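The next block holds one structure in the form of structure tokens; read it before the comments.
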Amino acid sequence: MIRPRRVRAIAAAAAVASLAAVPAVMSVGAADAEVAPAVDDTSATDPTFTRHDIDAAAPGAAFTSVGEVFAGEKDIVTSVWGLFEAARPLGPGALNIYRPGANLDDWTTINVFGPEEDIWMPNATTVTDVDGDGDNDLIVPAGHFFGTDTSIPAEQRILSGSITWWENKGTDQFTRHNVITDQGPAYHGVQYVDLDGDGFKDILTVAEEARAAGNQGDDSLETQVFLGSADLTFTGPIALADVGGSQPVVADVDEDGDLDIITARYFDPLRGSGGGQFPAPSYLWMENTDQDGTLTSADFAVHTIATVQETSFGFQIQPVVGFREPGKVSWIATNHANRCTFSLLLPPFAAREQVIEFVPGDDIRAPWEAITLSDPETPVPPCPADYLSNRDNYPTWTDAITSRPSPGQGAPGTFGYGDIDGDGDIDLGVSGDGDRRLWWIEQQADGGTTLHRLTAEGEHFGQSGGGWVVDFNKDGVNELVFSSWDQGTVAIWTRTGTVTLPRTVDSKLSVTPAKSTVKAGKKGTWTVKLTGAEDGPKRTVKVVFDPAKGKNVSVGKVVVGPAGSATLSGKLTWKPKTNGKLVFTYAGTTVSDVLSDTAATATAKVTVKK
């Protein structure tokens, strides 16, 4: 999104209407939730990626989501804000659907609506079946959070806040239904879920109004629910809390059987929850305590996960199932910081730009532990003292997420998740937003993470939304989807580099003859055959004789080859003295960092004829 270049933007304009993935109940930013069983990827080589532009002429391409709008497809849905002037939209926006074709460069654009519908700044679209007819419809929140800025003339103010849903008619046509329109607050993300348990799904959202851009004390926040009904209409907004953030998620946070609300908060940073105390929560969850199905603000208790002072401003938090282990929820978040300008202008908000994993403790209502997932291998140096006065001295840290120098910029932005490198575990795709670059975070087998830059050296994709991880062409390789507000572009990145992963080959050992009779005092010969990893040196097989009576006797070793072959053979010549069996044992070999084979055994029965 565009941001006014002033200190005020740190507290209001820098992030929330920035671009974000569409929230969904227990699943955001990953259209492919399933991943293969994790393998040891500590030796994997870094993949490379190729960019494919889907639409390079979508001015103000903002929020992007992915869903099955048309049967059997994974469609991209992008809101288009249009042109801006002096940080304000010049007119209503549009909504596009991009349908996949024969390959990653073949897409069909469907325009759901254009400026004629008078929807200003359409935001994060939710793809879901509203009318229950079996196909997915679109819920579109909208609005400009500075639309009612009291510092500008009244005739220039915009009552742009709205929520509409668009009925999928099945023929590339959509019918508009209004939930709420002409509001001062803006709506950026919604959840479509039965929050009150009456059998009808409701719309959960947060109304955000920044009002005067130069006043940090007049922000307004309200978590709201619009209750659904059998006739597919919705009630007016019911206030559930005077806190929240633009991308709320509904999930059973405390695992007590009902639905709670969790959110990252950016606006109103100087006000705490429930009493005006400072510091304000940057991440929070609202515990559902409802007993009668009649939802009010008394039914949600607000709990702070982390504060603005600890993490800087919150941008997004969502549950990622299976990030650490199958079936387990991990709470992953991005903040929205500028380590240099924030620390110099607003010392309490000095946190660096981060992707964070929040881990609840034994008391889930107490603040959660924060683990940074995005630190580079080499720590960046301190910010230069003349950072504000000398923009030429802006630090260009190539391997760390760092916002650009304007005071109104913060990083990172939205994120998605899925198997990006093809090793079977879940990674993260991250928008730099104010950083202008794109990133991905690789999960390692030991639980650590490695930060990688997705965009090429020197490539600034711009303030971006999306981060979805999706296999569009069904080739088993996931793509990453991002949209760029300032470049007016929707693009995907596909993995093109090969990834060498650790591989273990099952070995098989055989001996012939499996049964033999040897004359007393004579030698017998046995052929040993080993199949395993097709590489590496000759292998060694140990041989022990297990007599019918008495203790085992070491016979020696058989070297099998040739080196580099998957089938290796050798011979044992030996003189037995009594009946028994020969036991051949191969211990397995580590051929290289990424190749090994397993242990194997074989036996041969021996009879001595006198």
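These numbers were taken from a predicted model, which means no experiment stands behind them.
With ring centers used as reference points, Phe315 lies 6.0 Å or more from Phe415. Ring centroids of Phe461 and Trp493 are separated by less than 6.0 Å, placing the two rings close together. Between Tyr283 and Phe358, the gap from one ring centroid to the other is short of 6.0 Å. Taking the six-membered ring for Trp and the full ring otherwise, the centers of Phe472 and Trp107 sit less than 6.0 Å from each other.
Looking at Thr307, its side chain never comes within 3.5 Å of a backbone N or O of Pro281 through a donor-acceptor pair. Of the possible donor and acceptor atoms, none in the side chain of Thr414 sits under 3.5 Å from a partner among the backbone N and O of Gly465. Asp260 places a side-chain N or O within 3.5 Å of a backbone atom of Asn288 that can act as its donor or acceptor partner. A donor-acceptor pair is defined here as one N or O able to donate and one able to accept, closer than 3.5 Å; such a pair exists between the side chain of Gln191 and the backbone of Val250. Side-chain atoms of Thr205 come within 3.5 Å of backbone N or O of Gly189 as a donor-acceptor pair. Formation of a donor-acceptor pair under 3.5 Å by the His336 side chain with backbone atoms of Pro412 is found in this model. Listed for the Trp468 side chain is a donor-acceptor partner under 3.5 Å among the backbone atoms of Thr64. When atom types are taken as modelled, the side chain of Asp375 and the backbone of Pro379 share no donor-acceptor pair closer than 3.5 angstrom. Put simply, the side chain of Asp202 gets close to the backbone of Gly228: a donor and an acceptor are under 3.5 Å apart. Put simply, the side chain of Gln318 never gets that close to the backbone of Ile332: no donor and acceptor are under 3.5 Å apart.
Seen from the ring of Phe70, Arg99 counts as a face-on cation partner, given the 6.0 Å and 45° thresholds.
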(request) Take Ile317 and Trp331, measure what side chain to side chain contact (heavy atoms under 4.5 Å, CB included) needs, and give me the verdict at the end. (result) CA-CA 7 Å; Ile317 185 169; Trp331 293 99; 4.3 Å; yes

(request) Could you give me the CA-CA distance, side-chain angles and deciding distance for Ile261 and Thr223, then say whether side chain to side chain contact (heavy atoms under 4.5 Å, CB included) is met? (result) CA-CA 9 Å; Ile261 303 166; Thr223 298; 4.2 Å; yes

(request) Give the C-alpha distance, both sets of side-chain angles, the deciding distance and a yes or no for side chain to side chain contact (heavy atoms under 4.5 Å, CB included) between Ser483 and Val490. (result) CA-CA 4 Å; Ser483 51; Val490 181; 4.2 Å; yes

(request) Please step through salt bridge (charged side-chain N to carboxylate O under 4.0 Å, His left out) for the pair Glu459 and Arg437, ending with a clear verdict. (result) CA-CA 7 Å; Glu459 178 186 8; Arg437 297 168 292 180; over 6 Å; no

(request) Output, in order, the C-alpha distance, side-chain angles, deciding distance and verdict of side chain to side chain contact (heavy atoms under 4.5 Å, CB included) for Asp258 and Asp290. (result) CA-CA 9 Å; Asp258 56 24; Asp290 175 56; over 6 Å; no

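No hydrogens or angles considered: nothing links the side chains of Ser484 and Thr489 as a donor-acceptor pair under 3.5 Å. With 3.5 Å as the limit, one finds no donor-acceptor pair spanning the side chains of Ser403 and Glu353. No side-chain N or O of Tyr98 forms a donor-acceptor pair with one of Asp75 less than 3.5 Å apart.
Between Leu138 atom CG and Thr128 atom OG1 the span is 10.0 Å, to the nearest 0.5 Å. Expressed to the nearest 0.5 Å, how far OG1 of Thr263 lies from CD of Gln247 amounts to 8.0 Å. Once rounded to the nearest 0.5 Å, the distance linking CG of Asp196 with NZ of Lys201 reads 13.0 Å. With rounding to the nearest 0.5 Å, the separation of CD in Glu357 from CD1 in Ile441 is 11.0 Å. Rounded to the nearest 0.5 Å, atoms CG (Leu438) and CG (Leu480) are 8.5 Å apart. Note that CG of Asp435 is 10.0 Å distant from CZ of Arg453, once rounded to the nearest 0.5 Å.
Smallest separation of non-hydrogen atoms from Val206 and Tyr187: O-CD2, 3.7 Å. The heavy-atom pair separating Thr450 from Glu377 by the smallest distance is CG2-OE2, 4.1 Å. Of all non-hydrogen atoms in Phe323 and Ile426, the two that sit nearest each other are CE1-O, 3.6 Å. When all heavy atoms are compared, the tightest approach of Ser312 to Ser282 is O-CB, 3.3 Å. Taking both residues in full, the closest heavy atoms of Asp427 and Ile420 are given as OD2-N, 2.9 Å, listed atom of the first, atom of the second, then distance. Closest approach of His188 to Gly143, counting heavy atoms only: NE2-O, 4.1 Å.
Considering only heavy atoms from C-beta on, Phe63 comes within 4.5 Å of Trp81 through its side chain. Ser330 is listed as a side-chain neighbour of Arg324, based on a closest heavy-atom distance under 4.5 Å. Contact annotation: the side chain of Leu221 approaches that of Arg265 to within less than 4.5 Å [non-hydrogen atoms, C-beta and beyond]. Residues Val77 and Ser65 meet the side-chain proximity criterion, which asks for heavy atoms closer than 4.5 Å. The closest side-chain heavy-atom distance from Thr78 to Thr125 is not below 4.5 Å. Counting only heavy atoms from C-beta outward, the side chains of Ile492 and Ile76 approach each other to under 4.5 Å. Side-chain contact between Phe313 and Phe267 is absent, with no heavy-atom pair separated by less than 4.5 Å. Proximity of His303 to Leu284: side-chain heavy atoms (C-beta onward) are nowhere separated by under 4.5 Å.
A salt bridge does not link Lys74 to Asp471: none of the charged nitrogens lies less than 4.0 Å from a carboxylate oxygen.
None of Thr449, Leu451, Leu428 except one satisfies the side-chain contact (heavy atoms from CB on, under 4.5 Å) rule with Val355; the exception is Leu428.
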